[in-house]
Amino acid sequence: MKRLTTFIAGAAVAATLGGCQQPAVSGWKSFSGDKNIERRVDSVLQLMTLEEKVGQMAQYSCNWDVTGPVMTGDYETLLKQGLVGSLFNVYTVDGVRKMQEMALSESRLKIPVLFGYDVVHGYRTIFPMPLAESCSWDLERMRKSAAIAADEASASGIAWTFAPMVDISRDARWGRVMEGAGEDPYLGSLIAKVRVEGFQGGNDWRSLADVNTVLACCKHFAAYGAAEAGRDYNTSELSQNTLMNYYMPPYLAAKEAGVATFMASFNEINGVPSTGNKWLMTDLLRKDWGFNGFVVTDYTGINEMVAHSIVRNDKEAGELAANAGIDMDMTGGIYSQHLVQSVKEGKVSEENIDRAVASILEMKFLLGLFDDPYRYLDNEREKNTIMKPEFLQEARETSARSIVLLKNDNNFFPISKDKNITVALIGPMVKDKINQNGEWAGRGEREESISLFEGLTEKYAGTNVKFIYAEGCDLLTDDSSKFAEAIATARRADIVLAAMGEDFNWSGEAACRTDLKLPGAQQALLKELKKTGKPLGLILVNGRPLDLSWEDQHVDGILEAWYLGTMAGHGMADVISGDYNPSARLTMSFPRTVGQLPLYYNQKPTGRPVPPEAPDTDYKSRYMDVPNTPLYPFGYGLSYTTFAVNSMKLDQNSFTKGGKITVTAEVENTGKVDGETVVQMYIRDLAGSVTRPVKELKGFEKVALKAGEKKQVSFTIDEALLAFYGIDMQKKAEPGDFTVWVGLNSADETNQSSFSLR
Ligand code: NOJ
């Protein structure tokens, strides 16, 4: 393995020796706080021309994957000139090596390039899409899946992932709900933390030097998930109160977990696009929160500020971004083209450039790239790491734990292996392999995903459960020409299991919908299958909460399996057979109709709430045609057993600042099989200096219980848990009265109590 010092005489020798005694870059606060690293950064910076500094702030896509509008431009020439800081959408040891060699062999200072990629839910072993995984409420598994993704990606030359996406999303029309953790800031913050720590190997900058970790990138800062009307790239219109109390907590949690980088969102905040928003990027992120890593734009985010109508041209866009605190220009080429000139004209200070470049260089030091730019490029490690059997096993277990049982009349599920029956498998998702990974599936080979059919065939081999199959229809069109065959197949069976969903291109970036019913002819096919009178189950493979109102009325059992990734079919078969008793709980509310959106459980109270005992009362905040409530609420999910929560107790009913209350309750498995459930604590603050939500998740515990077993769960309520941004925009708990519930989902109010903070 070649060492950097063998390539260059000047910069890197100084960098490696760390011999420079100059003061650290003015205005720059290092991420690590390590004086030796600061000196090494400084020593490189001092050797750089303004052009080379600006070059570090430029990132280009090699377009092996296309993840945005393809930009024409000769990044290879810039690379050879030492004018590119980072590349993305290139991978594999050989691919990355080629680009790194190009940079190191020809550039003057031979500063190593940082290679990024969207490793969102797995690199090669694809895990359930993040929204699905969040439904497991299993933080340690989420940490592990991020760590596995980092291991595989780094073995393939990647040092930086553009993940986790921590955007709160309340509107299922938005295609990108699949990438996040749903609608709740409390759960979303815990998930943001474990995902960051999983990618980065913990919350210590030293672990970035481990060869199997990557830099994480908290995105999309901020409030990208609030796109109006659920339409991607659309404006987000939020009050400061909503922004700070609901949308910001997961980003802050990522920062607190030590995330190395942030990505700016496409939307505007308070009239200024995030990419040019100094309040957001400097005042809040750096000054208030103390973030000392670097910030990259999203794809052409700087260029887009012209279309946003905040600047007149590209050059002004670059100046707005640089002055706001944006360190790296993702693929837009604006910094490369204009920033040197802007500095010369005094529109952007060189101090500002130095701060940005120091932050970027520091990450390269922390990753060990200055010591050995080829340290991630080991063909043997790549071969041995990708899709290790233990990674596949973990993906399978996580898949099963991400499936939500939405309905189960007459115990349609599980389909026991002891039965002697014929099951008709009907629908476009039965044999499908290519949709299972969903969007943002890294290097996952779609053909390698296990289909439901494969999973079931293996699971039931040697049993008396026989499967017959008909596709019935495709995913998207209204073509009903294959209905007859499907109905005939259903008639020959004892029970029917339909597998339906959304084409993977229908969720993810730029994939929004206005109709959330099953697309194409699928619902029509279900209606025909229902007419056969056979017990009818449905397993869904899709990327967002759907409108399942008809299905909920007419189908016996519904499993929401989402896009589960490489091991999808095995995960589904584990649940369908009952080998794994489903334990996932929704992290986004399912609407009764798209007209209810945005829909989320932690809504603000209205002055005219609907009286539960008289829901048709006039002049109340309601619809004429459907109730306000979701079809399936946040936190909801069934099991093959039943659970009950009771004996809720508070050790005291009031506390003062600095004190705490302990809430205990008993959870019991009241059914006949072992299972896991998620006991959830919700709190309502009855009055505040600003209005407070009708309830907020403030604690949960995932509990495994044998049939008949009971356990005690306990939660602590303290001041910090009750804190929020009030009328003065200071975060603190306000004295007052509170209601607390402990139950099995956000609509479960069986166990209710109250307490006060004095
Ligand atoms: C645009 C997406 O919004 C962002 O999430 C992604 O990381 C970049 N493209 C790079 O692919």
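For ligands, and for the atoms within them, numbers begin at 1 and follow the listed sequence.
- Distances between N or O atoms of Asp298 and those of ligand 1 include at least one value under 3.5 Å.
- Each of the atoms 8 (C), 10 (C) of ligand 1 lies under 4.0 Å from some heavy atom of Met330.
- Applying the ring-ring contact (aromatic ring centres under 6.0 Å, His included) definition to pairs two or more places apart or across chains, those involving residues 263-287 are Tyr224-Phe266, Tyr233-Phe266.
- In Asp118, the part holding a heavy atom less than 4.0 Å from any atom of ligand 1 is the side chain.
- Checking only distances, Thr67 does come within under 3.5 Å of ligand 1, N or O to N or O.
- Listed by number with element, the atoms of ligand 1 under 4.0 Å from a non-hydrogen atom of Phe266 are 3 (O).
- Within ligand 1, counting atoms from 1 as listed, the ones closer than 4.0 Å to a heavy atom of Glu509 are 1 (C), 2 (C), 3 (O).
- Aromatic rings of Phe634 and Trp137 (six-membered ring for Trp) have centroids within the 6.0 Å cut-off, being under it.
- Counting protein heavy atoms only, atom 5 (O) of ligand 1 is closest to His220 NE2, 2.6 Å.
- For Phe199, the ring-ring contact (aromatic ring centres under 6.0 Å, His included) test picks out no residue, with sequence neighbours left out.
- For Lys219, every heavy-atom contact with ligand 1 shorter than 4.0 Å involves the side chain, none the backbone.
- Residue contacts with ligand 1 for Arg176 involve side-chain atoms from C-beta outward but no N, CA, C or O (heavy atoms, distance under 4.0 Å).
- Note: no N/O pair closer than 3.5 Å links Tyr299 and ligand 1 by distance alone.
- Remark: ligand 1 atoms within the under-4.0 Å shell around heavy atoms of Met263 are 4 (C), 7 (O).
- Here the shortest heavy-atom pairing between Leu392 and Thr125 reads CD2-CG2, 3.8 Å.
- Near Phe162, meaning under 4.0 Å from any of its heavy atoms, are these atoms of ligand 1: 7 (O).
- Taking the six-membered ring for Trp and thresholds of 30 and 60 degrees, Phe262 and Trp289 have ring planes inclined between 30 and 60 degrees apart.
- Closest heavy-atom contact between Asn63 and Val70: ND2-CG1, 3.7 Å.
- Interface atoms of ligand 1 facing Phe88, defined by a heavy-atom separation under 4.0 Å, are 10 (C), 11 (O).
- Residues Val214 and Ala150 approach most closely at CG2-CB, 3.9 Å, considering heavy atoms.
- When all heavy atoms of Ser136 and Glu133 are compared, the pair lying nearest together is OG-O, 2.6 Å.
- Partner of Trp64 under the ring-ring contact (aromatic ring centres under 6.0 Å, His included) criterion, chosen from Phe115, Tyr91, Tyr117: Tyr91.
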